[in-house]
Amino acid sequence: MIVLSFFKKLKEKITHQTESVTDKFKDGLTKTRNSFSGRMNDLVARYRKVDEDFFEELEEILIQADVGFDTVMELIEELKMEVKRRNIKDSSEVKSVISEKLVEIYNGNEKEDSSLRYGKDGLTVILFVGVNGVGKTTTIGKLAHRFKSDGKSVMMAAGDTFRAGAIDQLEVWGERVGVPVIKQAEGSDPAAVMYDAIRAAKSRGADILLCDTAGRLQNKVNLMKELEKVKRVIEREVPGAPHEVLLVLDATTGQNALIQAKTFKEATDVSGIVLTKLDGTAKGGIVLAIRKELNIPVKYVGLGEKMDDLQQFDADRYVYGLFADAIEEEAE
Amino acid sequence: MAFEGLADRLQSTMQKIRGKGKVSEADVKEMMREVRLALLEADVNFKVVKEFVKKVSERAVGQEVMKSLTPGQQVIKVVKEELTELMGGEQSRIAVSNRPPTVIMMVGLQGAGKTTTTGKLANLLRKKYNRKPLLVAGDIYRPAAIKQLETLGKQLSMPVFSLGDKISPVEIARQALEKAKEDHHDYVLIDTAGRLHVDEKLMDELKDIKELAKPDEIFLVVDAMTGQDAVNVAQSFNEQLGVTGVVLTKLDGDTRGGAALSIRSVTNTPIKFVGLGEKLDALEAFHPERMASRILGMGDVMTLIEKAQANVDEEKAKELEKKMRTASFTLDDFLDQLGQVRQMGPLDELLKMMPGANKIKGMNNLQIDEKQISHVEAIIQSMTSDEKTHPEIINANRRKRIAKGSGTSIQEVNRLLKQFEDMKKMMKQMTGFQQKGKKKGFKLPFNPF
Ligand SMILES: Nc1nc2c(ncn2[C@@H]2O[C@H](COP(=O)(O)OP(=O)(O)OP(=O)(O)O)[C@@H](O)[C@H]2O)c(=O)[nH]1
Ligand SMILES: Nc1nc2c(ncn2[C@@H]2O[C@H](COP(=O)(O)OP(=O)(O)OP(=O)(O)O)[C@@H](O)[C@H]2O)c(=O)[nH]1
Ligand SMILES: [Mg+2]
Ligand SMILES: [Mg+2]
């Protein structure tokens with residue numbers, strides 16, 4: 001392919017390329033962070049010059065990560081401006097400004113705390129929403145496991161009464177992690193399930209109730225209305241709830257995720273994102289655009305199908321991961 | 001935030017060209033930039049976009065676009081033709097083995113829609129081809145995956161073969177084939193667990209199933225919302241398994257679906273079906289042309305252009321444009337326009353086809369009141385020719401007379417005059433070449449570019 005010359009060029013630009021360095025870059029997303037800024041510096045240092053080519057390659061890396069064209073252009077403009085604003089001539093200084101800026105891509109100036117909001121006293125209710133097949137039910141299972149390991153008393157509500165086998169799926173997770181599931185028959189009103197579940201959670205004195213919902217595409221007006229109703233019931237039954245409305249996004253999703261975030265936010269006032277399937281080769285870069293345009297923070301990332309495959313979101317590590325892969329590919 | 005379709009994107013370039021009256025190579029370059037952005041926003045992989053744009057540019061710089069009087073339309077036409085061609089013809093045939101049962105294997109990433117599509121295919125096979133499929137529960141990993149397929153089987157009143165989740169999928173496939181022969185099933189549909197294309201162990205498992213079951217079809221199921229990574233996924237599955245067809249699911253959403261193009265261009269495998277809902281009858285043949293329109297975010301603009309060409313008098317259109325530019329557009333011209341637009345078909349349908357219409361809030365539920373349009377016509381027809389060319393002379397008395405003459409109300413007359421005034425203002429702006437075709441409301445003087 002014509003464009004592969006990009007990779008070749010990038011490779012040429014990598015000045016020192018030793019095994020150990022490449023290894024260090026490998027687990028961008030999954031390994032513990034050792035000085036993100038330092039590694040970012042390394043990354044930038046691999047370029048001999050910060051010139052138009054450099055920015056163009058940055059652009060392609062980001063687009064390939066599904067960041068989205070507009071956001072990419074904004075970011076690149078910002079980077080260029082910053083270099084200009086500080087009137088930097090020295091190339092090594094330019095590089096340090098850029099790595100600094102890249103760290104800020106996600107956070108802006110203030111650092112977002114990715115921890116969840118809990119009820120002041122008593123029950124915390126977390127509602128999960130999203131389009132079909134993104135990983136809502138699985139994420140609930142993983143989070144239940146996490147809370148349970150932290151010594152919390154957890155319950156789950158089987159609010160997907162529509163999809164074949166959805167209730168059974170949540171029940172399997174319930175057994176797996178040892179958490180009770182409140183359910184009704186397939187086809188029943190999800191709002192009624194929530195009502196029941198809240199009653200049960202209150203009477204059993206549970207700390208946390210995780211509410212599953214059926215996947216729905218955001219352009220289905222009726223299904224979005226149904227979701228609003230589910231949320232209203234929760235609001236009515238527990239003051240201050242739902243304490244979090246987590247939109248689950250599949251990292252393989254492209255630009256449509258932005259519309260998903262916008263529409264689900266309008267319907268249910270989404271408070272955070274869980275970005276799943278980051279164990280694949282997709283990066284879910286659209287969360288940068290979502291963060292910029294809608295100011296919804298990512299709270300967790302999904303890294304597999306097992307109960308431990310959930311991590312709290314770390315912006316530095318995430319942004320690093322956007323680039324690490326491209327570099328790694330080059331090095332091969 | 002809004003994703004502009006290609007037609008919207010080309011509008012500002014077109015205005016510039018109209019000012020000069022000639023298309024230069026630089027203009028084509030600018031148009032190609034817009035093509036590139038439209039495709040990127042539609043999630044077509046950036047490498048695929050680059051190659052595609054290069055190809056289209058070659059055609060565009062040649063005679064086709066630069067010599068055209070309507071270069072904007074021409075670019076769209078070329079882009080759409082190329083896209084359609086790239087996506088291949090309609091190929092919704094399903095293989096038939098001459099040694100039944102015909103075996104179909106479903107593969108893909110987690111949550112793409114394999115299990116649901118297995119149910120849909122079984123439904124289609126029975127309904128359309130009168131076949132007797134056996135569903136095979138080959139996903140032993142995902143919680144309740146077997147239960148899910150069994151539920152679908154129950155809904156369809158079709159048998160589901162399962163050995164629980166303790167037996168290997170290869171063994172399940174083997175026994176399922178035996179069972180199918182015994183029970184005279186002519187199709188065997190094997191559902192498999194979702195897996196990452198980079199998961200070697202699980203990819204090997206698929207290879208083993210393939211080795212054993214010798215499927216006649218291997219369908220790669222892909223979520224239409226997939227972004228840039230679609231190329232990696234499709235390429236990898238294809239290289240490792242030899243995919244025979246693609247099913248694109250969740251197209252009932254509002255994604256542009258550029259992944260379709262990415263997948264096609266790396267696998268060269270036909271997209272056979274699209275999923276249009278969660279229900280078991282929501283499976284349709286893939287239409288490359290519709291997909292091309294969708295990717296370009298232009299509704300069915302080709303139909304619209306064709307209709308416009310068939311109905312709009314070239315001479316009149318040119319005259320009109322001149323009038324718009326010199327702001328000598330009158331109520332008579334308005335009436336004329338209205339007539340021409342109405343000839344094209346029901347208004348609400350036309351509007352839906354219009355580029356950018358999908359962005360207008362409530363567009364989907366929009367009902368254009370044809371009666372209202374007739375009222376507008378009646379009002380204008382009740383005016384004297386002086387009034388039509390100089391609406392500013394229409395005072396209260398005249399309004400009363402016009403309302404009476406047209407059988408409408410003074411309010412309606414007022415509203416029309418106000419709308420006309422607004423429209424004239426808008427035209428001035430539009431022809432001022434700055435405006436980036438982004439006006440709210442009802443843009444009547446229909447003029448694609
Ligand atoms: N590799 C990987 N797979 C995941 C991850 N999270 C979920 N999955 C898988 O994705 C598929 C769909 O997950 P579900 O939890 O059923 O998704 P959902 O959003 O509840 O789906 P619906 O209820 O049908 O809308 C399953 O096969 C999960 O095992 C993840 O982080 N990584
Ligand atoms: N709206 C819509 N939803 C779909 C379509 N196809 C599948 N789904 C939904 O997408 C979700 C995932 O579908 P599944 O059939 O479970 O996907 P899968 O590929 O079998 O998932 P795994 O087995 O976990 O890998 C479910 O909620 C389905 O109802 C479609 O064409 N349109
Ligand atoms: Mg679910
Ligand atoms: Mg499945």
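Chain letters run A, B, ... following the sequence lines, proteins first and then strands; every chain starts at 1. Just so it is clear, the values below take in all heavy atoms, side chains as well, and ignore hydrogens, waters and symmetry mates.
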> B:D199 versus chain A, heavy atoms under 4.5 Å apart: side chain, backbone, both or neither?
Replying inline: neither
>> Below 4.5 Å, heavy-atom pairs only: which of B:L109, B:N45, B:L37, B:N232 has the largest tally toward chain A?
In response: B:L37
> Looking at side-chain heavy atoms only, is the closest gap between B:D223 and A:T252 below 4.5 Å?
Replying inline: no
> Taking C-beta and beyond as the side chain, do B:K47 and A:Q64 meet within less than 4.5 Å on heavy atoms?
Replying inline: yes
> Which answer fits B:R195, side chain, backbone, both or neither, if we ask what part of it has an atom under 4.5 Å from a heavy atom of chain A?
Replying inline: neither
> Between A:N132, A:T137, A:D279, A:V172, which residue shows the highest count of heavy-atom pairs closer than 4.5 Å to chain B?
Replying inline: A:N132
>> Could you work out, with salt bridge (Lys or Arg N to Asp or Glu O under 4.0 Å) as the rule, every residue matching A:E171, not counting sequence neighbours?
In response: A:K183
>> Taking atom CD as the centre, does B:E58 end up with more than 12 heavy-atom neighbours from other residues, nucleotides or ligands that are less than 6.0 angstrom away?
In response: yes
>> Taking the side chain as everything from C-beta on, heavy atoms only, tell me whether A:E186 gets closer than 4.5 Å to B:T151.
In response: yes
>> Please classify the contact of A:V131 with chain B as side chain, backbone, both or neither, using a heavy-atom distance under 4.5 Å.
In response: side chain
> Quick one: what part of A:Q169 sits under 4.5 Å from any heavy atom of chain B, side chain, backbone, both or neither?
Replying inline: both
>> Please identify, among B:L196, B:D254, B:T115, the residue contributing the most non-hydrogen atom pairs under 4.5 Å to chain A.
In response: B:D254
> Crowded around B:R33 CZ? As in, over 12 foreign heavy atoms under 6.0 Å?
Replying inline: no
>> Looking at every heavy atom in both A:T281 and B:V198, which two are closest together, and how far apart are they?
In response: CG2-CG1, 3.8 Å
> About how many Å separate NZ of B:K250 and CG of A:N256, when rounded to the nearest 0.5 Å?
Replying inline: 11.0 Å
> How about residues 139-148 of chain B versus chain A: which residues have heavy atoms under 4.5 Å apart?
Replying inline: B:Y141, B:R142, B:P143, B:A144, B:K147, B:Q148
>> For A:E175, which atoms come within 4.5 Å of any heavy atom of chain B: side chain, backbone, both, or neither?
In response: neither
>> Between B:E278 and A:K220, is there a side-chain heavy-atom distance shorter than 4.5 Å?
In response: no
> Which pair of heavy atoms, one from A:Q255 and one from B:D43, lies closest together, and at what distance?
Replying inline: N-OD1, 2.9 Å
> Which pair of heavy atoms, one from B:L152 and one from A:A164, lies closest together, and at what distance?
Replying inline: CD2-CB, 3.8 Å
> Can you check whether A:D250 reaches B:Q110 side chain to side chain, under 4.5 Å on heavy atoms?
Replying inline: no
